[in-house]
Amino acid sequence: MDHKQSSVTIRLLEEDDVETVHELLKTAFAAVPESDQSEPDLVRRLREDPVYIPDLELVAEMDQKVVGHILLTRVQIGHGQPAKEALALAPVSVVPDLQGRGIGAALIREGHRRATELGYSLIVLVGHPDYYPRFGYQRASDHRIMVSFPAPEEAVMVHELVPGALDEYEGTIRFAKAFGL
Ligand SMILES: CC(C)(COP(=O)(O)OP(=O)(O)OC[C@H]1O[C@@H](n2cnc3c(N)ncnc32)[C@H](O)[C@@H]1OP(=O)(O)O)[C@@H](O)C(=O)NCCC(=O)NCCS
């Protein structure tokens, strides 16, 4: 089958997708040297955490098969209280044999669209600095936003869904306990 001819649909996760997504996360991250292979359990824990937003867990479907997944959850950013709410994009994955065909990009763009529709204005992530800038992500430290754990400065990135939103944020990103950071 020529997958280049098949179209990709991005839709909400459904109950029946949960096991498939678990396997997808295992396979996709098995090939990532920086991964500690915790992503399948991380996603399970995040679903039980108050930061979870069911409307922001999406899958990519191609030929009736789930081939990609993305999850955005709530984080807080600030120097103290009150902190401001934003979203964390983590993780995103595509089945290894279909990577490099734009499925990850489609998941990220649809995640952004739905997050904006829900009224969120900022997304943070820790990820590869060669990949995410194409979606508008910038170095968080350039905007006085940081993490409380060791991470390469260029890997901590932010993206404003609403122009000017970055002016409203400053301080440390507080991730959900589920991340174990
Ligand atoms: C990262 C990932 C989701 C991207 O999905 P994808 O469908 O392969 O990506 P796209 O087809 O939209 O984009 C392909 C581009 O991304 C680049 N890319 C993919 N993974 C990358 C990575 N880990 N680091 C840097 N660039 C990456 C490719 O080189 C390609 O670049 P090009 O367009 O300049 O040639 C996918 O490769 C994946 O599941 N990787 C394993 C899990 C992972 O590392 N997830 C991200 C951390 S949470």
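Atoms within a ligand are numbered from 1 in the order they appear, just like the ligands themselves.
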Review point. According to the interplanar angle, ranging from 0 to 90°, do the rings of Phe135 and Tyr132 count as parallel (below 30°), tilted (30 to 60°) or perpendicular (above 60°)?
Key: tilted
May I ask you to identify the nearest protein heavy atom to [atom], giving residue, atom name and distance to one decimal place in Å?
atom                    : value
atom 7 (O) of ligand 1  : Gly104 N, 2.8 Å
atom 38 (C) of ligand 1 : Gln99 NE2, 3.3 Å
atom 18 (N) of ligand 1 : Tyr131 CD1, 3.8 Å
atom 45 (N) of ligand 1 : Val92 O, 2.9 Å
atom 43 (C) of ligand 1 : Phe29 CE2, 3.5 Å
atom 24 (N) of ligand 1 : His128 CG, 3.1 Å

Looking at [X] and [Y], does any basic side-chain N land under 4.0 Å from a carboxylate oxygen?
X      : Y      : value
Arg47  : Glu57  : yes
Arg114 : Glu117 : no
Glu23  : Lys26  : yes
Arg144 : Asp167 : no

Are any of the protein's heavy atoms under 4.0 angstrom from [atom], yes or no?
atom                    : value
atom 36 (C) of ligand 1 : yes
atom 20 (N) of ligand 1 : no
atom 2 (C) of ligand 1  : no
atom 29 (O) of ligand 1 : no

With the threshold set at under 4.0 angstrom, would you say [X] reaches ligand 1 through any of its heavy atoms?
X      : value
Tyr132 : yes
Gly102 : yes
Arg134 : yes

Practice item. Please lay out, stage by stage, how Ser121 and Tyr169 fare under the test side-chain contact (heavy atoms from CB on, under 4.5 Å). Key: CA-CA 10 Å; Ser121 60; Tyr169 287 86; 3.5 Å; yes
Ligand 1 atoms in contact with [X] (distance to a heavy atom under 4.0 Å):
X      : answer
Ala28  : 41 (C)
Ser93  : 3 (C), 39 (O)
Arg101 : 11 (O)
Val32  : 41 (C), 42 (C), 44 (O)

Exercise for review: Give the contacting part of Glu39 toward ligand 1: side chain, backbone, both or neither, where contact means a heavy-atom distance below 4.0 Å.
Suggested key: neither
**Study point:** Pro129, Ala105, Gly100: member with heavy atom nearest to atom 14 (C) of ligand 1
**Key:**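 Answer by nearest heavy atom: Gly100.
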Check your understanding: Counting heavy atoms only, which of Leu24, Val94, Leu98 comes nearest to atom 39 (O) of ligand 1?
Key ->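 Minimum heavy-atom distance to atom 39 (O) of ligand 1 goes to Val94.
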Point to revise | Euclidean distance, His159 NE2 relative to Leu166 CG, rounded to 0.5 Å | key: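 Taking CG in Leu166 and NE2 in His159, the distance rounds to 9.5 Å.
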Review point. How long is the span from the CD1 atom in Ile123 to the OG1 atom in Thr116, to the nearest 0.5 Å?
Key: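 Answer for the CD1-OG1 pair, Ile123 versus Thr116, is 7.0 Å.
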Review point. Just by modelled atom types, is the Lys65 backbone N or O under 3.5 Å from a matching donor or acceptor in the Glu61 side chain?
Key: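 No.
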Practice item. Test side-chain contact (heavy atoms from CB on, under 4.5 Å) on Ile53 and Tyr120 and set out the steps. Key: CA-CA 12 Å; Ile53 306 162; Tyr120 292 96; 3.4 Å; yes
Review point. Can Glu154 and Met157 be said to form a side-chain contact (heavy atoms from CB on, under 4.5 Å), step by step?
Key: CA-CA 7 Å; Glu154 66 278 10; Met157 288 174 267; over 6 Å; no
Point to revise | Result of checking His143, His112, His128 against Tyr137 for ring pair (Phe, Tyr, Trp, His ring centres under 6.0 Å) | key: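 Per the ring pair (Phe, Tyr, Trp, His ring centres under 6.0 Å) rule, the option paired with Tyr137 is His112, out of His143, His112, His128.
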